[in-house]
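A short worksheet on the structure shown next.
Numbers restart at 1 for each chain; the letters A, B, ... are given by sequence-line order, proteins then strands. Atoms considered below: every heavy atom in the structure, side chains included; atoms not considered: hydrogens, waters and symmetry mates.
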There are 2 protein chains.
Amino acid sequence: MTQLDPLESAGLADSVRAAGLKVTAPRLAVLGMLQHAPHSSAEEVFAGVRNELPGTSVQAVYGVLAAFTFAGLVRRIDPASSPALFECRVGDNHHHILCVRCGDLKDVDCVIGAAPCLTPSDTSGFTVYAAEVTFTGLCEPCQKQLVLEGSADQ
Amino acid sequence: MTQLDPLESAGLADSVRAAGLKVTAPRLAVLGMLQHAPHSSAEEVFAGVRNELPGTSVQAVYGVLAAFTFAGLVRRIDPASSPALFECRVGDNHHHILCVRCGDLKDVDCVIGAAPCLTPSDTSGFTVYAAEVTFTGLCEPCQKQLVLEGSADQ
DNA sequence: CCTGTTGTTTTGAATAAGTCAAATCTAGAC
DNA sequence: GTCTAGATTTGACTTATTCAAAACAACAGG
């Protein structure tokens with residue numbers, strides 16, 4: 001299943017074309033990869049893409065991700081203190097929740113739906129496009145591990 | 001006015017001590033710098049600190065900022081695609097507004113006040129500590145520049 | 001189907017931001 | 001005044017990402 005299924009590939013190609021971009025093998029591979037593994041870093045995407053398209057360069061992946069992000073086909077997430085992540089769930093203004101211990105990142109549906117889902121009281125003259133919301137906390141596995149470590153009094 | 005005023009210095013020293021950290025010249029300089037210029041990057045802090053304390057190394061500044069952040073004395077902001085910024089306004093759970101064109105960053109008071117000012121509907125098992133909100137948009141100068149460029153049809 | 005142009009990808013190098021580690025130094029407790 | 005944990009310096013290194021020039025390929029038009 002490392003090969004791209006032709007039906008899926010056709011759908012991906014349409015998305016790429018619809019974004020006004022040329023359809024190429026690296027682009028299909030990157031988009032396919034992101035659908036199977038959202039919240040991937042450039043390196044992770046690169047690793048995945050290499051499986052089906054061994055000749056691909058890291059720079060190509062960075063280029064494709066930049067083009068997709070600019071075209072609005074994927075969304076770039078910049079968590080604090082870790083590489084940028086990419087996802088192709090786009091346009092629904094959803095948010096993210098980040099585990100401060102292990103760095104795990106999950107989607108959180110927006111309560112409002114449309115951007116910006118919040119409006120600041122005083123915008124200092126800014127025109128506000130969107131509100132980027134990132135919740136920080138502890139994921140379930142990390143909570144459990146902390147409890148264990150705590151009871152061991154270590 | 002590159003020298004630290006002794007009265008101010010005493011207040012800073014108290015803050016540092018209260019955080020359980022040793023009071024040193026680089027630490028006072030960093031904290032003083034952040035009070036005069038909030039939202040400074042490590043490099044900017046370093047440049048400022050050098051003025052009053054020429055022997056200071058960049059690593060010392062990184063170290064001080066890390067210690068302060070860990071102690072809760074300063075807050076670290078990680079805007080997408082630019083170096084981390086630091087501010088010493090802390091504990092009031094305020095947010096930020098970022099200009100997507102020039103990268104300018106301003107404070108925005110939180111409507112709610114206490115963290116987390118928002119709560120996600122489905123936390124995926126996470127324990128949520130805080131909601132990091134960053135508004136993105138265009139600052140006033142950038143809006144004007146875009147209008148000018150637009151009317152020049154360039 | 002063939003060709004040309006424009007946009008992509010490769011190759012290779014460079015950068016910015018930050019981290020690590022060992023040796024030296026010093027603030028503050030005693 | 002002395003001692004020790006913690007801070008700072010020095011210097012190298014890593015990670016994530018970007019830049020630039022040359023080779024290549026998608027797809028519009030003939």
Quickly work out the [X] [atom1] to [N] [atom2] distance and round it to whole Å.
X        : N       : atom1 : atom2 : value
Phe68(B) : dG6(D)  : CZ    : C1'   : 14 Å
Asp78(B) : dT17(D) : CG    : C1'   : 16 Å
Leu53(B) : dT26(C) : CG    : C1'   : 14 Å
Ile77(A) : dA16(D) : CD1   : C1'   : 16 Å
Glu44(A) : dT15(D) : CD    : P     : 14 Å
Phe46(A) : dT11(C) : CZ    : P     : 11 Å
Leu85(A) : dA16(D) : CG    : P     : 11 Å
Arg76(A) : dT17(D) : CZ    : P     : 6 Å

Quiz item: Between Glu87(A) (side chain) and His39(A) (backbone), is there a donor-acceptor pair under 3.5 Å?
Solution: no
Quiz item: So which heavy atom on Phe46(A) is nearest to which on Thr56(A), and how close?
Solution: CE1-O, 3.3 Å
Exercise. For residues Leu53(B) and Ala29(B), report the shortest heavy-atom separation together with the two atoms involved.
Key: CD2-CB, 4.3 Å
Using a heavy-atom cut-off of under 4.0 Å over every strand shown, decide if [X] touches base, sugar-phosphate, or nothing.
X        : answer
Gly55(B) : sugar-phosphate
Val64(A) : sugar-phosphate
Ala84(A) : sugar-phosphate
Thr56(B) : sugar-phosphate

Choosing from [options], which nucleotide comes nearest the side chain of [X]?
X        : options                  : value
Arg17(B) : dT9(D), dG28(C), dT9(C)  : dG28(C)
Tyr62(A) : dT9(C), dA16(D), dA7(D)  : dA16(D)
Thr24(B) : dT10(C), dA27(C), dT8(C) : dA27(C)
Pro26(A) : dT11(C), dT8(C), dT9(C)  : dT9(C)

Quiz item: Any donor-acceptor pair under 3.5 Å joining the side chain of Lys22(B) to the base of dT26(C)?
Solution: no
Self-check item: Base dG18(C) paired with Gln59(B) side chain (donor-acceptor, <3.5 Å)
Solution: no
Quiz item: Any side-chain heavy atom of Leu65(A) within less than 4.5 Å of one from Arg76(A)?
Solution: no
Practice problem: Return the 5'-most residue of the pair Val23(A), Leu21(B) with respect to DNA chain D, ranking by each residue's nearest nucleotide. | Solution: Leu21(B)
Quiz prompt | Test: Arg75(A) and Asp107(A) ion pair at under 4.0 Å | solution = no
Exercise. Output yes when at least one side-chain N/O atom of Arg27(A) is less than 4.0 Å from OP1 or OP2 of dA26(D), else no.
Key: no
